[in-house]
Participant: 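Before I ask anything, let me first share the structure, which is written out below as structure tokens.
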Amino acid sequence: MFKTAIKTPNFFRTFSSLPNLTSCITSLQLSAHQANLQQGKKLHSYMLVNGFLTSPIAITSLINMYSKCNLISHAFSVFNSSPSQPNVFAYNAIIAGFIFNDMLKPALQVYEKMRLAGVTMDKFTFPCVVKAFSGCENFLGLKKVHGLVFKLGLDHDLFVGSAVVHGYLKFELMADAHQVFDEMPDRDVVLWNAMINGYAQIGEFGNALDCLQKLRADGNAPSRFTMTGTLSVLTLKGDLYNGKAIHGLVAKMGYLSGIAVCNALIDMYGKCKCFLDALDIFEVMEVKDIYSWNSIIGVHQQSGDHEGTLKLFDRMLRDKVFCPDLVTFTTVLPACAHLAALRHGKEIHASMITKGLGKDDGEDRVGDTYINNAIMDMYGKCGCMREARLVFDHMSSKDSASWNIMIMGYAMHGFGNDALNLFHKMCEVNLTPDEVTFVGVLSACNHSGLVKEGEEFLSQMKSKYKVSPTVEHYTCVIDMFGRAGLLNQAYGLLSEMPIEANSVVWRAFLAACRLHGDANLAEIAARRVIDLEPEHCGSYVLMSNVYGTLGRYEEVSDVRLNMRQQNVKKTPGCSWIEFGNGVHVFGTGDRTHLDEDLIYSELNSLYMSMGLCHMT
DNA sequence: GTAGGGTTAG
């Protein structure tokens, strides 16, 4: 009968004889390593049938196999079905398993059970437990565990020590971390990496780079992790020179095969504005991951290439190798907002809902607020204030950026009162308005002609809200006076404001002078603008318009001549419309569109209906 | 039989 039970299935043909406990353990380790669940399950049933599960070693190996195959429920069942009280190996394996599957709290519950059961902990227990406490942001727990580690004399173990250093650094407690680090009898590359990352996190880049020097001086070979850590430091510093040096070192050490290392290089080159170098790394990579995609999309976004950003996003969707995630969406949405690419924006919103990102379920997940802010901003910039408001109203956790985005959206589209109402509500929920809020509030007053309110807000900013007005705030108010035809008030504020006026303020004022046909003030403004920014075409155009309106054509040609002498070129304006699968761009007199004939014949019939001249 | 680092957005 026993013979039938162990009848050799295909799977076991790889074994020269029927597997015993030892060979099962070896195979389980391999299954765990390869995350080969199918093979692991076969071994499990074979071991069950053959009575191997009485062995504590089998229990530990099975827990580990299921954990590494992301089937933590099975791992926990095996742990609980342990025939005797689980030993320290089984406890360590299940704690590590929960952590591997991002379940920190259950890991700590098992740790608590282990403590109560009086199972003696060893050097394998603590790296996991320390990680769980710091991951749960439980500082007291971390402190207590550190005390226990010390009591048990495990504080000099490299694995335990580097976990503790890492834990303290998570709380940005460099002094505590440094003390543990200093007391370690030996230091390896992992421990040094923790210090490099810790210094990077608190912005002490010089110290981070010192650690890299010392690590090498100590005779350690930098690892791939050292490279990513160092590159993140250089990226934050914007240090292209040393970034290139690290790129050289990466190549020399053969780390260009590492995905994360290449991703860090892409990011470094992108942030240092070497967009082509970033692209080179990306295209040469044989294996990519979601970071690579996201990073290269980010590079396009940073370079201001919004069309390129959307094209890459489309490529990602078409290739179907990687699914866009929270980071992808947050990177792509500003491009949609910029191009007013509503279709793409809506598609992203739909995918977000399908994936449960930014969900209104009371859970305060990191990233949800940001992505909802990005969605709102996109809707706002596309002119869909109702949709933006719906997102806003359903957000379970709003930060001040959320309020600022809505206020600004209302302001830009002329809903001044909605903007101000929201501002008052923001104050009611005890959020402190900041500089950005007031740019929104003052823009709202500006675009809706709420002159009295605008004036009052500017005077209250400092006194009531403790926010010092910047040049941007003055620009809003000066622009507001100007649009309302109150040129003298605008000029008065321009002359009296405590901050030096820049070309933007003067240009806004110049535009107002043009609008209301005041050539004298326009001349003063134009002189200042041209002084401050001689290469900007806008002021020449405005000035020549002022003279044109007043019929002073000689002066118009003077301005044009001046413009030519300064070698200023006017960038032609354009309009665009999103239609079908693409964005269609049109310039003045532009005849390059493929459907030119159709478009112009439609345009002509529209002109005819409006009673306007026929276009040629 | 069980354990410690990394890279992307805002």
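Numbered from 1 within each chain, the chains take letters A, B, ... in sequence-line order. What you are looking at is a predicted structure, and each value in this text was computed from that prediction instead of being measured.
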Participant: Could you write nucleotides 1-6 of chain B as a row of B, S and -, 5' to 3', where a protein heavy atom under 4.0 Å of any base atom gives B, of only sugar-phosphate atoms gives S, and otherwise -?
Facilitator: BBBBBB
Participant: Respond yes when some side-chain nitrogen or oxygen of A:Gln302 is under 4.0 Å from OP1 or OP2 of B:dA9, and no when none is.
Facilitator: yes
Participant: Return the set of residues passing side-chain contact (heavy atoms from CB on, under 4.5 Å) with A:Phe275 (not counting sequence neighbours), or none when no residue passes.
Facilitator: A:Lys273, A:Val299, A:Ser303
Participant: Could you tell me which residues satisfy side chain to side chain donor-acceptor pair (under 3.5 Å) with A:Lys271, sequence neighbours excluded, listed by chain and number?
Facilitator: A:Asp267
Participant: Kindly give the heavy-atom pair with the smallest separation between A:Ser61 and A:Leu28, and that separation in Å.
Facilitator: CB-CD1, 3.6 Å
Participant: Would you list the pairs meeting side chain to side chain donor-acceptor pair (under 3.5 Å) in which at least one residue belongs to residues 145-158 of chain A, sequence neighbours left out?
Facilitator: A:His146-A:Tyr168
Participant: Could you list the donor-acceptor pairs under 3.5 angstrom formed by side chains in residues 68-77 of chain A, with sequence neighbours left out?
Facilitator:
from, atom 1, to, atom 2, distance (Å)
A:Lys68, NZ, A:Asn64, OD1, 2.8
A:Asn70, ND2, A:Asn101, OD1, 3.1
A:Ser77, OG, A:Ser73, O, 3.0

Participant: Is there any ring pair (Phe, Tyr, Trp, His ring centres under 6.0 Å) pair reaching into residues 206-258 of chain A, and which pairs are they, with sequence neighbours excluded?
Facilitator: A:His247-A:Tyr269
Participant: Name all residues meeting the side chain to side chain donor-acceptor pair (under 3.5 Å) criterion together with A:Lys381; count only those two or more places apart in sequence or in a different chain, and write none if there are none.
Facilitator: A:Asp377
Participant: Using a cut-off of strictly less than 4.0 Å between a heavy atom of the residue and any atom of DNA chain B, enumerate the qualifying residues of residues 328-335 of chain A by number.
Facilitator: A:Thr330, A:Thr331
Participant: Check whether any side-chain N or O of A:Lys271 sits under 4.0 Å from OP1 or OP2 of B:dA9, and answer yes or no.
Facilitator: yes
Participant: What pairs of residues pass the side chain to side chain donor-acceptor pair (under 3.5 Å) test when at least one of them lies in residues 207-221 of chain A, not counting sequence neighbours?
Facilitator: A:Glu204-A:Asn207
